[in-house]
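Taking it in order: structure first as structure tokens, then the write-up.
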Amino acid sequence: MDNIKDIIVQVVASHLKQIKKEFGFKINEDDITVELPKKEEYGDYSTPIVLKIARDNKLNPIEIGAKLQKSISEAKHPYFKSVEFYKPGFINFFISKEILTKNLEEVYLLKEKYGRRKNPHPEKILIEFVSANPTGPLNVVSARAATVGDVLSKLFILDGHQITKEYYINDAGRQVNLLAESMLIRIKQHLGEKCELKDEHYHGEYISELARQMLDEGEFEKIKNDQDVLTKIKEYTLEKLINSQKDVLKKYNIEFDNWFHESSLRKSDLLKECHQLLDKKKLLYKEEDKTFFRSTLFGDEKDRVIIREDETPTYFFVDIAYHYNKIKRGFTCLIDLWGPDHDGYIPRMKGALSALDYGDAKFKVVIIQQVNLLEKSRKVQMSKRLGTIVLMEDLINDIGVDASRFFFLHRSISSHLDFDLDLARKQSEDNPVFYVQYAYARICNIFKQAENKKIKVEYTLYKNDWEWKEEEVKLIKKMFDFPLMIQQAAENIQPNLLPNYLLDLAGIFHQFYTQCRVLDEKQKEITQNRLFLSECTRQILYNGLKIMGVTAPERM
RNA sequence: GCGCCCGUAGCUCAGCUGGAUAGAGCAUCGGAUUUCUAAUCCGAGGGCCACAGGUUCGAAUCCUGUCGGGCGUACCA
């Protein structure tokens, strides 16, 4: 079935064309917006287009509205039971029963594919997220990014795109060198040597433990006299830390298609290639033995160093090469999920990609706002270097994957998220996730009861004499909106629409459950119809929970 | 100083590209279970949508300014 909003836009546009000569106005199809009215009497969908036309052309909205309403009404479009005009200028649409039941049958037939659409402009998207430094375990900030990235990926797939999920491992550069140094110092301390960490080193307890482990395993013994002992330590440490990151992500049910190593980039010719390309466009210059990129030409505040005087590339330069590599792999759209601290980094990166002839329209940076941790209503200072972080793993162990995921998705990504640790456990008891899961479990139980009562489930709708009760209508209409919500969440990058929708759907189901008894041996047709409604609801709850990565329990 | 995010009920937040009487959950108070799981449902109270201007038929939503909170402003990543 086509998207209802598009259908309404088309219908309105075609009828406006018919009457526009009479009034003498012009219309732009893009101006036709469709919204969900707040009150039932205003219909299922509504458009205020008449008000816009009246304003732009200084005409009377009442006259145009009446005419438009009449025109659409008389066409008797199968989608609409009725079309009404309300002052001061709203055209309100009431969906027909036939279309709603047809949609239900579609839910039943399509199952997990319900909500998926064929996109007229499909993209081959690379979405990169988390990409935390491999200098320590993942923390709760990464947990938010991981959740959002994972769910966005699934939403994009439903919206008809092709997706690759990638994690960029910064396994080269200054920070990992400091990591190796920190390890060596800890190892020496374990061996009784006197040496101290400096401020810039990593102070976390996990380094000390890892140093102990390296000694215990005899790995240090093997390399201690090598010339490149620090490199060997680095390799050992990175492997351990990266694996632990992977383990936690796995525990969180997040799978990446690709793990891209920064070190592989440094070994390749891509840096050279990028340098040549940018140089050819006269976008580079040298000053005090450093090479600068003219990012100011692209709206950046100042030009940025890409090669230092000691000829090492800056992080920025390597990142340019990385994104250039993404382009060369044939992606038509690049999406990066960054933290708010990287906000100022956007202009230069966009500039670099424009310079490499990759229109910045296809490079999208999504900023996921920070997570603040509160303990006893006070903010917890987090620093990876100081080791005062709350780990993603602790979070999972504490409140569980389901509740964490729901919690992170529940609010818009541009909002700061205050994570109250004292409340976390409490949250896990009356977390809204259980409200949704409970609706799911209830439905499953209805089917178990049907089995017990030897009621055969036919999965058919008896449409003829079916008088819809209020709760049934609400439920059916809500299910109708699922695909629209998916599309909206994907297009506007609003994963929070998903949990909100599921909460609504679950709530309406609970109402339905209270008011409309499903299993009734005396009323076969009503029983079958309500079983069908329950099954469709179950399917959509299942689909939604699956996108969120939250389990759908059959029993609670 | 400049840039970005946030400011909506006691608390946590929804409010889509401006729309028709500002919504949920938690908390508080009061009801509902001989019938498919009460982790549920129904009802009540609670708001100058931070403040001040502007745009217009219409603003929580857009623009400008002010105040408050956070983040950033590297040859770190």
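If you're wondering where the values come from, they're calculated on a predicted model, not measured in any experiment.
- For the OP1/OP2 pair of B/C5 and a distance below 4.0 Å, the side-chain nitrogens and oxygens of A/S415 include no atom meeting the criterion.
- If you take CG of A/D300 and P of B/A74, they are 11 Å apart, rounded to a whole angstrom.
- Comparing B/G43 with B/G25, their P atoms are spaced 10 Å from each other, to the whole Å.
- Separation of the C1' atoms belonging to B/A20 and B/U66 is 32 Å when rounded to the nearest angstrom.
- Nearest-nucleotide mapping onto RNA chain B: of A/R411 and A/D504, the residue sitting toward the 5' end is A/R411.
- With a 6.0 Å cutoff to the six-membered ring centre and a 45° limit on the axis angle, A/R348 does not count as a cation-pi contact of A/F293.
- Nucleotide B/C71 forms a Watson-Crick or G-U wobble pair with B/G3, both donor-acceptor distances falling under 3.5 Å.
- Candidate nucleotides B/G3, B/U40, B/U17 were compared by shortest atom distance to the side chain of A/K5, and B/U17 ranks first.
- Remark: P of B/A14 and CE of A/M485 are 17 Å apart, rounded to the nearest angstrom.
- Taking the six-membered ring for Trp and thresholds of 30 and 60 degrees, A/F447 and A/Y459 have nearly parallel ring planes, at less than 30 degrees apart.
- Separation of the C1' atoms belonging to B/G46 and B/A24 is 14 Å when rounded to the nearest angstrom.
- Among the protein residues, A/P48 comes within range of the nucleic acid bases, having at least one heavy atom under 4.0 Å from a base atom.
- Note on A/Q488: a base of the nucleic acid sits closer than 4.0 angstrom, heavy atoms only.
- Counting non-hydrogen atoms of other residues, nucleotides and ligands closer than 6.0 Å to CD of A/E521 gives a total above 12.
- Stacking between A/F90 and the base of B/G19 is absent under the criterion of ring centres within 5.5 Å and planes under 30 degrees.
- Distances from the side chain of A/Q370 to the nucleotides B/C5, B/A77, B/G70 place B/G70 closest.
- At least one test fails for A/R411 against the ring of A/F408: distance under 6.0 Å to the centre or angle within 45° of the axis.
- A/C444 comes within contact range of no nucleotide atom at all, as no heavy-atom separation falls under 4.0 Å.
- The phosphate of B/G15 (OP1 or OP2) has a side-chain N or O of A/N496 nearer than 4.0 angstrom.
- Using N1 to N3 plus N6-O4 or O6-N4 for Watson-Crick, or N1-O2 and O6-N3 for G-U wobble, each under 3.5 Å, B/U34 pairs with nothing.
- Interface remark: the A/Q175 side chain does not form any donor-acceptor pair with the B/C76 base, using a distance-only criterion of under 3.5 Å.
- Taking only distance into account, the side chain of A/H416 meets the base of B/C5 through a donor-acceptor pair shorter than 3.5 Å.
- Looking at A/T296 and A/D303, their side chains do bring a donor and an acceptor atom within 3.5 Å of each other.
- Nucleotide B/G53 has B/C63 as its partner under the Watson-Crick or G-U criteria, with both atom distances under 3.5 Å.
- Between the C1' atom of B/G15 and the CG atom of A/L503 lies a distance of 15 Å, rounded to the nearest Å.
- Here the two rings, on A/Y322 and A/Y168, have centers that are under 6.0 Å apart.
- Within 4.0 Å of A/E301, counting heavy atoms only, lie sugar-phosphate atoms of the nucleic acid but no base atom.
- Side-chain to base pairing of A/H342 with B/A77: one donor and one acceptor N or O lie within less than 3.5 Å of each other.
- Taking 4.0 angstrom as the limit, A/Y513 places none of its side-chain polar atoms (N or O) nearer than this to OP1 or OP2 of B/U35.
- When distances are taken from the side chain of A/T514 to each of B/U40, B/U17, B/C5, the shortest belongs to B/U40.
- Checked against the 6.0 Å centroid threshold, A/F129 and A/F256 count as a close aromatic pair.
- Here, B/U8 and B/A50 have their P atoms 6 Å apart, quoted to the whole Å.
- Residue A/R174 has no polar side-chain atom (N or O) positioned under 4.0 Å from OP1 or OP2 of B/A74.
- Pair check for B/A44 finds B/U28; Watson-Crick or G-U wobble, both atom distances under 3.5 Å.
- When the side-chain nitrogen and oxygen atoms of A/S412 are compared with OP1 and OP2 of B/A14, one or more of them lie within a distance under 4.0 Å.
- Listed pair A/Q511 / B/C42 meets the phosphate criterion, a side-chain N or O lying under 4.0 Å from OP1 or OP2.
- Within 3.5 Å, a donor on the side chain of A/N92 pairs with an acceptor on the base of B/A20, or the reverse.
- If you check every strand for non-hydrogen atoms under 4.0 Å, A/V436 touches nothing.
- Taking every side-chain heavy atom of A/R304 into account, B/A74 is the closest of B/A38, B/C41, B/A74.
- The residue A/A439 sits apart from the nucleic acid: no heavy atom pair falls under 4.0 Å.
- Remark: C1' of B/C4 and CG of A/D341 are 12 Å apart, rounded to the nearest angstrom.
- Across all strands, A/Y435 comes closer than 4.0 Å only to sugar-phosphate atoms, never to a base (heavy-atom distances).
- Comparing B/C36, B/U40, B/G15 against the side chain of A/R517 picks out B/C36 as the nearest.
- At whole-Å resolution of the value, OH in A/Y501 and P in B/A14 are 20 Å apart.
- Checking B/A39, B/C36, B/A20 against every side-chain atom of A/F434, the shortest atom distance belongs to B/A39.
- B/U55 atom P lies 20 Å from atom NZ of A/K52, rounded to whole Å.
- Contact check, A/R308 against B/C76: a side-chain N or O comes under 4.0 Å of OP1 or OP2.
- Side-chain N/O atoms of A/Y315 include none lying less than 4.0 angstrom from OP1 or OP2 on B/A77.
- Within 4.0 Å of A/L51, counting heavy atoms only, lies at least one base atom of the nucleic acid.
- If you take CG of A/L155 and C1' of B/C16, they are 15 Å apart, rounded to a whole angstrom.
- Residue-environment remark: CD (A/Q449) exceeds the threshold of 12 foreign heavy atoms within 6.0 Å.
- For the pair A/Y438 OH and B/C36 P, the interatomic distance rounds to 11 Å; values are reported in whole Å.
- Between the side-chain ring of A/Y42 and the base of B/A20, a stacking contact exists by the 5.5 Å and 30° definition.
- With hydrogens and angles left out, the side-chain atoms of A/D402 and A/Q437 include a donor and acceptor closer than 3.5 Å.
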